[in-house]
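In what follows, every chain begins at residue 1, and chains take the letters A, B, ... in the order their sequences are listed. Just so you know, these numbers come straight off a predicted model, no measurement behind them.
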Amino acid sequence: MLTVDYQLVDTEEKRTEMLQKLLTTEILSIDTETTGTDAMTAELVGMSFSDAENRAWYVPVPADRAEACRIVDSLRPLYENAQSLKVGQNIKYDMIVLQNYGVHVQGPLFDTMLAHYVLQPELRHNMDYLAEIYLHYQTIHIDELIGPRGKGQKSMRDLPPADVYRYACEDADVTLKLKNVLEQELRKQGAEQLFYDIEMPLVPVLVNMETNGVRIDTEALAQSSAHFTARLQQIEENIYQLAGETFNIASPKQVGEVLFDKLKIGGKPKKTKTGQYVTSEEVLESLRGKHDIIGKILEHRGLKKLLGTYIDALPQLINPQTGRIHTSFNQAVTATGRLSSSNPNLQNIPIRDEDGKEIRKAFIPDDGCEFFSADYSQIELRIMAHLSGDANMIEAFTSGHDIHAATAAKIYKVDIKDVTPDMRRKAKTANFGIIYGISIFGLAERMNVSRQEAKELIDGYFETYPQVKAYMDRSIELAREHGYVETIFHRKRYLPDINSRNATVRGYAERNAINAPIQGSAADIIKVAMARIHQRMSAYNLKAKMILQVHDELNFSVPASEKQTLQQIVIEEMERAYPMQVPLKADCGWGSNWLEAH
DNA sequence: CCCAGCACGC
DNA sequence: GACGTACGTGCTGGGT
């Protein structure tokens with residue numbers, strides 16, 4: 001049986017004693033117990049610390065806010081000691097909670113969740129799982145304390161500290177043990193640069209962005225809501241009239257039955273693998289001319305989506321303390337290295353349709369500030385040019401011409417000034433298709449042209465950019481040889497299906513072999529830029545705030561007096577984040593809201 | 001409670 | 001004959 005030294009620190013004397021022991025430690029594993037999973041609204045219930053394996057302390061924090069702040073403040077020297085390495089499992093969460101109690105965690109960071117993410121992006125990264133795999137140890141599960149998820153689950157607050165401290169101490173202890181194993185794994189796997197130079201420096205940036213939050217124009221959204229709800233009602237009645245019955249328009253099943261069984265619109269309808277009629281936007285769009293009800297259903301779907309997901313949902317997510325919306329940027333979700341955003345997802349705010357644009361308008365800067373948006377121009381294609389070393393594609397970018405037009409000119413062998421809009425559109429689809437590893441059939445579908453024409457287009461594409469073709473073949477070959485592909489900063493994606501005998505499964509892995517290094521390298525690059533921008537904003541003492549990242553785009557709320565300085569910092573750091581065979585270019589704009597700035 | 005279908009972004 | 005461009009999150013319906 002393993003003997004551990006776990007202590008409940010429930011008096012001022014014990015706290016002082018713990019503080020003395022931990023003040024000079026070079027490594028400090030930290031964990032917090034809280035009342036919830038949302039860092040911006042969670043209350044602190046306790047803090048645990050570990051400085052050596054099998055030794056940990058737990059400091060309970062009372063519900064009374066003033067008393068809580070006093071206790072947290074007494075431990076500030078530990079958290080804000082810039083000399084000691086802070087180790088945590090999903091440490092961004094603890095940093096946000098602590099920041100809301102006035103403490104700013106300082107010093108180098110080691111997040112065990114992120115260490116495992118760079119090692120195995122597609123596996124799970126929760127502590128219980130990591131402890132089992134790397135330590136062969138079964139941790140106390142949180143459910144054992146507060147009960148299973150769902151109704152009736154207790155809050156950590158409801159439990160006496162005497163019941164919590166073993167669990168809480170174990171978390172800090174296990175996290176430290178995991179760090180000791182994972183740091184060796186990072187070294188063995190050649191993942192140190194990615195972890196120490198890219199992922200860890202990004203953590204405080206995300207803490208800053210999430211706590212900053214985004215301001216929302218609730219009045220504008222309320223107006224949109226009234227307007228769209230009225231329109232929705234009108235369309236609903238219209239649809240019932242056209243159908244000759246009432247039904248649930250939000251049910252794809254019922255829509256299919258009305259359109260194809262009752263009204264018998266179109267030829268033979270497509271079915272899903274569950275036997276339902278397909279009523280996707282693509283199918284409906286192809287039937288648009290055949291019946292007035294089709295357009296109405298599409299319009300209904302669009303409006304319902306906007307209302308349910310954005311217009312009526314966002315105002316409810318405003319944090320009453322800050323008056324802002326605070327998304328979570330998840331750093332350990334995607335297979336390629338991109339961030340994701342949730343609760344709410346602010347990376348899929350509409351921009352294309354007219355109705356959707358109303359929502360973007362409601363994202364506004366702070367008082368006295370302007371909205372600033374900067375985005376990489378064609379970063380993925382530029383990475384393709386760089387990685388493939390294709391002379392023609394590099395030339396197309398260095399010439400400064402519009403890349404899709406330049407591609408069209410080369411494929412169709414015409415002067416760039418003679419490129420028609422249709423030629424450019426097809427070249428653009430081809431450029432996107434290439435990044436995703438598209439097939440001839442897929443391209444034909446996308447462009448609504450014959451397979452013959454699609455084949456000729458792809459042949460022309462590869463003739464124009466022969467090294468791109470070679471790069472694609474090489475990527476698949478590398479995946480077969482090593483079992484993985486990697487980005488410019490050696491972020492790996494494992495592709496075990498690359499040798500599958502099932503052509504569909506293998507095809508999927510092959511497309512990933514092509515796409516993952518491209519998409520992942522773009523993710524690496526913007527992460528580098530974000531950390532450097534954050535660094536310089538602090539160095540210049542700017543009041544401007546970084547507030548959102550949308551894969552190839554960064555958004556800021558900026559005081560009028562800082563506009564010039566900030567724009568220069570952002571564009572400079574974005575464009576020089578990673579020198580390549582083609583220049584990186586960032587475009588930008590200013591406005592009184594996100595739509596105007598974009 | 002979970003999955004399917006759909007729709008929004010890059 | 002089926003399949004056929006990457007990566008995500010969230011809503012609703014409908015079955016369990």
Looking at every strand, decide which applies to [X] at a 4.0 Å heavy-atom threshold: base, sugar-phosphate, or nothing.
| X | result |
| --- | --- |
| Lys253(A) | sugar-phosphate |
| Glu380(A) | nothing |
| Arg506(A) | nothing |
| Phe247(A) | nothing |
| Asn348(A) | base |
| Gly433(A) | nothing |
| Leu346(A) | nothing |

Return the nearest nucleotide to the side chain of [X]; candidates are [options].
| X | options | answer |
| --- | --- | --- |
| Ala250(A) | dT12(C), dG9(B), dC6(B) | dT12(C) |
| Lys305(A) | dA7(B), dC10(B), dG4(C) | dA7(B) |
| Arg352(A) | dC10(B), dG14(C), dG13(C) | dC10(B) |
| Phe441(A) | dG8(C), dG14(C), dG4(C) | dG4(C) |
| Arg360(A) | dC10(B), dG8(C), dC6(B) | dC10(B) |
| Asp552(A) | dA6(C), dC10(B), dG10(C) | dC10(B) |
| Arg338(A) | dA6(C), dG5(B), dA7(B) | dA6(C) |
| Arg301(A) | dG5(B), dA7(B), dG15(C) | dA7(B) |
| Ser251(A) | dG14(C), dA7(B), dC7(C) | dG14(C) |
| Ser340(A) | dG8(C), dG5(B), dA6(C) | dG8(C) |

ask   = Ring centroid separation for Phe556(A) and Phe371(A), is it under 6.0 angstrom?
value = no
key: dC3(C) to dC6(B) separation - P atoms, rounded to the nearest Å   = 15 Å
inquiry  = Give me the distance, rounded to whole Å, that separates dA4(B) from dG4(C) when you measure between the P atoms they each carry.
reply    = 15 Å
task = Establish whether the base of dA7(B) is bridged to the side chain of Glu281(A) by a donor-acceptor pair shorter than 3.5 Å.
result = no
Do NZ/NE/NH1/NH2 and the carboxylate oxygens of [X] and [Y] come within less than 4.0 Å?
| X | Y | value |
| --- | --- | --- |
| Glu456(A) | Arg451(A) | no |
| Lys361(A) | Asp217(A) | no |
| Arg288(A) | Glu282(A) | no |
| Glu596(A) | Arg360(A) | no |

task = Take the protein atom CG of Leu307(A) and the nucleotide atom P of dC6(B), then report the distance between them rounded to whole Å.
result = 20 Å
ask   = Does the side chain of Thr272(A) get closer than 4.0 angstrom to OP1 or OP2 of dG5(B) through an N or O atom?
value = yes
